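Report on the following structure.
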There are 2 protein chains.
Amino acid sequence: MPDTPEPLDAVQLGAYFALMDVAGLLRHAVEQQLREAGDLSYVQFQLLARLGLDSPTGRERMTDLADGVVYSRSGLTYQAGLLEKAGLVTRTPSADDERGVTVAITDAGRALLAKVLPGHTEVLRHQLFAPLSRRDTEALAELLSPVRDHMRSAPPRSAAPRRRR
Amino acid sequence: MPDTPEPLDAVQLGAYFALMDVAGLLRHAVEQQLREAGDLSYVQFQLLARLGLDSPTGRERMTDLADGVVYSRSGLTYQAGLLEKAGLVTRTPSADDERGVTVAITDAGRALLAKVLPGHTEVLRHQLFAPLSRRDTEALAELLSPVRDHMRSAPPRSAAPRRRR
DNA sequence: AGCACTTGCTTCAACTTCGAAGCACTGCTA
DNA sequence: TAGCAGTGCTTCGAAGTTGAAGCAAGTGCT
């Protein structure tokens, strides 16, 4: 029987709900723009962005992609299949590990990314940054970055599979 | 052809990605706890919480629920159906408007909510609030609340009339 | 080398989600 | 008070998402 912890106070609840609401609303807005501008889902955009903007080589293994994006493996397989069918990425067996699959963004993928980005930033500017001053934005980044690091490092849940030997 | 806006700078991108990542990771963590503790999805929890905690009467119309939660109408119909089948809420035609449906939380719903809440707050404490000081939490709430208000008021949908130039 | 475990990805079935279309009731307007 | 646009919710079909099971390739222990 778990002992009942102190309930969260109003400030904490406010922060929690505001965070989740903003993220949800923002995702909706972004998703819609992406759909109209390039017929991309948010996940697909994330994948292309990671390959085209974050990665210097434009290629990553499936697992690294799945870790970067908060996403299930099977879902990634599905979306990578769609992107490949659309000619935006290629999938090839990894050279060093026969099990692995390396996903690489194509020129068409980069082109679509470039086409979609301006509208994307516009949405962010209007929806997210409009009510935030420069300093607010900095503060937000500085508050949330440690949280992200904390959550990424700490096992999200009891997920820690007992390493037995 | 849309004119190309200034791209976002590094700080803005950092804030954006941190926000979305934290929300995504947190949602996963919360969802898992809810599933284990009470076999609830995040949406179902949100609905129960809104009925059981926010609403003084424990009853709301479908539309008000859908507006509170970021969710489609048809999705709400589906989830409300599940909750009803599980005996956690009831759905009755609204008294004043024959079209409307009033959703009310049942005793079983309140009981489940109470059962699930302690674990929920624990997850929040560990995942979200652990790296945040008291002041940080306050700052976060104060930064995000105006954004939420802004996004809720601004037309999130295609209702946004294309700015002509 | 041999055998068991682990890892990387895919497949599968069940479930969820969404928008568009549909149905029923409201309320405005003439 | 009849007509009709608008509102509230549900149904439907298509597409997306997930965990579990499955397969194949690597790793480690002896």
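Since the model is a prediction, treat every value here as computed from it, not as a measurement. Letters go in sequence order (proteins before strands), and every chain restarts at 1.
Checked against side chain to side chain contact (heavy atoms under 4.5 Å, CB included), A80(A) has the following partners two or more places apart in sequence or in another chain: M62(A), R91(A). Legend: residues meeting side chain to side chain donor-acceptor pair (under 3.5 Å) with R99(B), ordered by chain and number and at least two apart, are D97(B). Applying the side chain to side chain contact (heavy atoms under 4.5 Å, CB included) rule to S94(A) yields the partners R61(A), D96(A), T102(A); only residues at least two apart in sequence or on another chain are considered. Not counting sequence neighbours, the partners of V70(B) by the side chain to side chain contact (heavy atoms under 4.5 Å, CB included) test are L25(A), H28(A). R27(A) pairs by the side chain to side chain donor-acceptor pair (under 3.5 Å) definition with nothing, not counting sequence neighbours. Residues passing the ring pair (Phe, Tyr, Trp, His ring centres under 6.0 Å) test with Y16(A) are H120(B), sequence neighbours excluded.
Only R91(A), listed by number, bring a heavy atom of residues 81-95 of chain A to less than 4.0 angstrom from any atom of DNA chain C. Shown for residues 61-79 of chain B: residues whose heavy atoms fall under 4.0 angstrom of DNA chain C, namely Y71(B), S72(B), S74(B), Y78(B), Q79(B). A heavy atom lying under 4.0 Å from DNA chain D marks none of the residues of residues 38-49 of chain B.
Rounded to whole Å, the distance from CD on E98(B) to C1' on dT10(D) is 16 Å. One interatomic measurement links the two molecules: CZ of R27(B) to C1' of dT18(D), which rounds to 13 Å at whole-angstrom precision. Following rounding to the nearest Å, E60(A) (CD) and dC9(C) (P) show an atom-to-atom distance of 11 Å.
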Heteroatom pairs (N/O) under 3.5 angstrom, protein to nucleotides 1-6 of chain D:
from   : atom 1 : to     : atom 2 : distance (Å)
dG6(D) : N2     : R99(B) : NH1    : 2.7

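The salt bridge (charged side-chain N to carboxylate O under 4.0 Å, His left out) analysis of residues 106-115 of chain B, with sequence neighbours excluded, yields no pairs.
Comment: R135(A) does not engage E138(A) in a salt bridge, judged by the lack of any side-chain N to carboxylate O separation of less than 4.0 angstrom. Between R134(A) and D9(B) there is a salt bridge, with a side-chain nitrogen of the basic residue lying less than 4.0 Å from a carboxylate oxygen of the acidic one.
Side-chain heavy atoms closer than 4.5 Å link hydrophobic residues (I, L, V, M, F, W, Y) into clusters, and following such links, even through other members, never connects V11(A) to F129(B).
By the 4.5 Å heavy-atom criterion applied to side chains, L83(B) and V103(B) are not counted as neighbours.
The hydrophobic cluster around Y78(A) extends to L82(A), counting ILVMFWY residues whose side-chain heavy atoms fall within less than 4.5 Å of a member.
The backbone N or O of G87(A) sits less than 3.5 Å from a side-chain atom of T106(A), completing a donor-acceptor pair.
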